[in-house]
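One structure below.
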Amino acid sequence: MLPARARLTRRPEFASTIRRGRRAGRSRLVVHLDLTRPGGVPEHVSPRAGFVVSKAVGNAVVRHRVTRRLRHLVADRLETLPPGAALVVRALPPAGTASSAELGADLDSALRAARRPRNRNGTRRSEPAQDGPR
RNA sequence: CGAGUCGGUCGGGCGGCCGCGUCGGGAACCGGGUUCCGAUCCGGGGCCCGUCGAGGAAAGUCCGGACUCCACAGGGCAGGGUGGUUGCCAACGGCAACCCGGGGCGACCCGCGGGACAGUGCCACAGAGAACAGACCGCCUCCGAUCCCCGGAUCGGCGGUGAGGGUGAAACGGUGGUGUAAGAGACCACCAGCACCCCGGGUGACCGGGGUGGCUCGGUAAACCCCACCCGGAGCAAGGUCGAGAGGCCGCACACGCGUGCGGCUGCGCAGGCGUUCGAGGGCUGCCCGCCCGAGCCUGCGGGUGGACCGCUGGAGCCUGCCGGCGACGGCAGGCCGAGAUGGAUGGUCGCCGAACGGUGCACCGUGAGGUGCCCGGGAACAGGAUCCGGCUUACAGACCGGCUCGUCCG
């Protein structure tokens with residue numbers, strides 16, 4: 001568990017971050033990063049993060065292991081995010097068998113892509129290979 | 001020593017660095033209240049120290065309870081569950097012991113184990129015939145024809161026959177005899193089985209013995225059904241406390257007015273339909289009868305809040321000893337406290353040790369299959385709480401301990 005002030009806890013927060021944040025997909029995970037603070041949220045709060053690990057990743061043991069690994073990886077990188085940012089990391093099925101080093105590489109790469117200002121005229125939005133239902 | 005069987009315990013260990021949640025304590029800080037100020041009081045987040053922090057199945061959610069809310073006026077009909085006996089248990093569809101049937105040399109294992117003379121249904125394929133069945137071959141008497149060695153053979157027909165062949169999971173008891181044209185429980189003896197009666201044993205399921213009877217009367221109830229017993233509904237998103245809120249009304253302040261702010265009360269607005277002792281709508285497990293409550297209820301559109309806390313973990317609890325009991329279990333005494341998260345903690349990472357397994361490696365033992373030790377590689381099963389217990393079922397790499405049985409060898 002992250003420190004309480006660094007956690008996303010409510011469903012609307014997850015929904016708005018996924019809907020409005022910049023998305024960057026890699027083979028094992030997808031990152032949604034929302035840097036635009038919506039009205040009402042003070043700008044002095046620390047960056048916050050949440051995780052989405054669906055049943056497609058594996059059974060409860062696998063899902064919890066993936067969540068814990070991602071949590072530790074994100075905790076190390078949380079200070080690099082601007083204040084007030086909201087981050088949602090969504091695990092994809094290959095994450096269930098990946099090592100922490102592999103997950104960390106994907107996370108770093110995706111975070112760099114999400115923080116880079118998008119000036120490519122919206123063409124060639126890098127979609128993750130698989131983003132099926134569920 | 002080998003083979004087997006039953007039961008129990010455990011289910012990776014150690015360390016470095018970084019990190020999380022609960023509870024308790026501590027020093028300071030911030031905010032509020034009070035005050036002239038401070039102390040005291042209330043609240044808050046971070047820091048430091050200590051404490052505890054997943055499983056034998058936490059799983060499947062299949063049973064049973066505790067707990068919470070609703071109901072408690074009954075009767076009938078439906079519906080669901082259980083099914084040898086006696087016990088244990090809070091309860092159970094669970095557990096123990098025993099009985100019966102089957103398997104095993106044995107320890108032991110397996111069995112949704114009431115009723116098929118209350119009724120209804122079904123019994124594939126094969127087979128001539130499958131439920132008060134059935135003449136395909138065969139057997140037998142009689143009649144007719146043909147042939148010849150005059151008594152038989154062959155063919156055909158009216159009949160008899162369920163003993164033999166063949167089919168099948170199953171063919172209407174088995175063996176021996178009497179009997180007959182050939183045969184048949186047609187009759188007889190014994191055996192098996194069925195029904196009833198008597199005696200003895202057992203709390204009981206049932207067991208042992210004896211007698212009588214008619215001669216044999218299939219299976220299936222996880223088919224309907226019958227019998228006996230049991231069963232209110234929903235579930236911790238149960239349920240409760242506090243707060244917030246749109247709209248409405250009132251008061252106060254500002255304002256000419258529209259309106260804005262604050263406080264109090266109520267807890268949304270609009271449209272349509274039904275209804276107020278001629279009763280809408282509820283409740284009593286489903287339906288019917290009956291009974292009770294009863295002034296609101298239903299539909300559509302629009303809007304608001306959608307937060308915190310309690311429930312929440314000390315319990316049919318765990319360990320040890322003694323006593324009772326074949327046992328499940330019960331009683332007594334002493335000791336112990338072992339998770340309470342809520343986008344959900346109990347971890348991440350690195351190093352060492354390490355079982356299974358693999359090796360064309362080395363040494364030793366053995367005639368041999370092979371075994372033992374060392375070395376190298378290899379790296380740990382199934383799986384994670386979400387109100388809590390008792391069970392069941394399913395998944396599972398391996399390690400250890402004990403009881404018992406059979407076989408072999410030695411004494």
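Convention: sequence-line order gives letters A, B, ...; per-chain numbering from 1. All figures in this text were calculated on a predicted structure; none of them were measured in a lab.
- Spacing between B:A222 and B:C329 at atom P, rounded to whole Å, works out to 32 Å.
- Per the geometry, NE2 belonging to A:H64 stands 12 Å off C1' belonging to B:G347, to the nearest Å.
- Across the interface with RNA chain B, nearest-nucleotide mapping of A:V53 and A:V62 shows A:V53 to be the residue nearer the 5′ end.
- Distance check, rounded to the nearest 0.5 Å: CD of A:E102 to CZ of A:R28 gives 4.5 Å.
- Note that the CG atom of A:D34 and the CD1 atom of A:I18 stand 11.0 Å from one another [nearest 0.5 Å].
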Could you go through A:R115 and A:L33, starting from their C-alpha distance and side-chain angles, then the distance that decides it, and tell me whether this counts as side-chain contact (heavy atoms from CB on, under 4.5 Å)? CA-CA 8 Å; A:R115 295 197 65 177; A:L33 182 61; 3.6 Å; yes

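- B:C332 is paired with B:G321 under the criterion used here, namely a Watson-Crick or G-U wobble arrangement in which both key atom distances are under 3.5 Å.
- In this structure the side chain of A:L87 reaches within 4.5 angstrom of the side chain of A:V74, judged on heavy atoms.
- With a cut-off of 3.5 Å on both Watson-Crick or G-U wobble distances, the partner of B:G263 is given as B:C250.
- By the stacking rule of 5.5 Å between ring centres and under 30° between planes, A:F51 does not stack on the base of B:G343.
- Atom CZ of A:R63 is separated from atom C1' of B:A383 by 12 Å (rounded to the nearest Å).
- A:S109 is linked by a side-chain contact (heavy atoms from CB on, under 4.5 Å) to A:R26, A:R112, counting only residues two or more places apart in sequence or in another chain.
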Taking N or O atoms only and anything under 3.5 Å, show me the protein contacts with nucleotides 378-381 of chain B, one pair per line.
none

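- Rounded to a whole angstrom, the distance from the C1' atom of B:C297 to that of B:G243 is 31 Å.
- With sequence neighbours left out, the side-chain contact (heavy atoms from CB on, under 4.5 Å) criterion links A:V52 to A:F14, A:V88, A:R90.
- Following rounding to the nearest Å, A:F14 (CZ) and B:U342 (C1') show an atom-to-atom distance of 13 Å.
- Within the 4.0 angstrom heavy-atom criterion, only backbone atoms of the sugar-phosphate kind lie near A:N59; the bases stay farther away.
- Residue A:L78 contributes atom CG, which lies 14 Å from atom P of B:G19 at whole-angstrom precision.
- Between atom NE2 of residue A:H64 and atom CZ of residue A:R71 there is a gap of 9.0 Å, rounded to the nearest 0.5 Å.
- Nucleotides B:G55 and B:A91, compared at atom C1', are 26 Å apart to the nearest Å.
- If you check B:A195 for Watson-Crick or wobble pairing at under 3.5 angstrom, you find it paired to B:U212.
- Glycosidic torsion of B:A54 falls within 90° of 0, placing the base in syn.
- A:A110 and A:V31 get closest at one heavy-atom pair: CB-CG2, 3.8 Å.
- Residues satisfying the side-chain contact (heavy atoms from CB on, under 4.5 Å) criterion with A:R69, sequence neighbours excluded, are A:R65, A:S100, A:L103.
- Listed by chain and residue number, A:R77 satisfy the salt bridge (charged side-chain N to carboxylate O under 4.0 Å, His left out) test with A:D108 (two or more places apart in sequence, or in another chain).
- Nucleotide B:G373: paired with B:C362 (Watson-Crick or G-U wobble, both distances less than 3.5 Å).
- Pair check for B:G87 finds B:C95; Watson-Crick or G-U wobble, both atom distances under 3.5 Å.
- Classification of B:G183 as anti follows from a glycosidic angle more than 90° from 0.
- An anti orientation is assigned to B:C297, its glycosidic angle lying beyond 90° of 0.
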Going through the checks in order, is the side-chain contact (heavy atoms from CB on, under 4.5 Å) test met by A:S27 and A:D106? CA-CA 8 Å; A:S27 65; A:D106 274 13; 3.6 Å; yes

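- Glycosidic conformation of B:G347 is anti; the angle lies outside 90° of 0.
- In this entry B:C29 has B:G44 as its Watson-Crick or G-U wobble partner, both defining distances falling under 3.5 Å.
- Here the separation of B:U61 from B:U387, taken at their P atoms, is 15 Å to the nearest Å.
- Residue A:L73 contributes atom CG, which lies 17 Å from atom P of B:G347 at whole-angstrom precision.
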Polar atom pairs between nucleotides 348-351 of chain B and protein, under 3.5 Å, N or O only, would you list them?
| residue | atom | partner | partner atom | Å |
| --- | --- | --- | --- | --- |
| B:G348 | O4' | A:H72 | ND1 | 3.3 |
| B:G348 | O3' | A:S100 | OG | 3.4 |
| B:U349 | OP1 | A:R69 | NE | 3.3 |
| B:U349 | OP1 | A:S100 | OG | 2.6 |

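- In this structure B:A221 sits in no base pair that meets the Watson-Crick or G-U test at under 3.5 Å.
- The nearest whole Å value for the distance from the CG atom in A:L70 to the P atom in B:C20 is 18 Å.
- Between A:V30 and A:H32, some side-chain heavy-atom pair lies under the 4.5 Å cut-off.
- The glycosidic torsion of B:G185 lies within 90° of 0, placing the base in the syn range.
- With both ends at atom C1', the span from B:U285 to B:C72 equals 12 Å, rounded to whole Å.
- Distance check on atom P: B:G2 versus B:G373 gives 15 Å, rounded to whole Å.
- If you take atom C1' in B:C396 and the same atom in B:G60, they sit 15 Å apart, rounded to whole Å.
- An OP1 or OP2 oxygen of B:G343 is reached within less than 4.0 angstrom by no side-chain nitrogen or oxygen of A:R90.
- Taking a pair to require two hydrogen-bonding distances under 3.5 Å in either a Watson-Crick or a G-U wobble arrangement, B:A234 pairs with B:U68.
- Among B:U346, B:G384, B:G343, the nucleotide with an atom closest to any side-chain atom of A:A60 is B:G384.
- Look at the P atom in both B:A397 and B:C382: the space between them is 9 Å, to the nearest Å.
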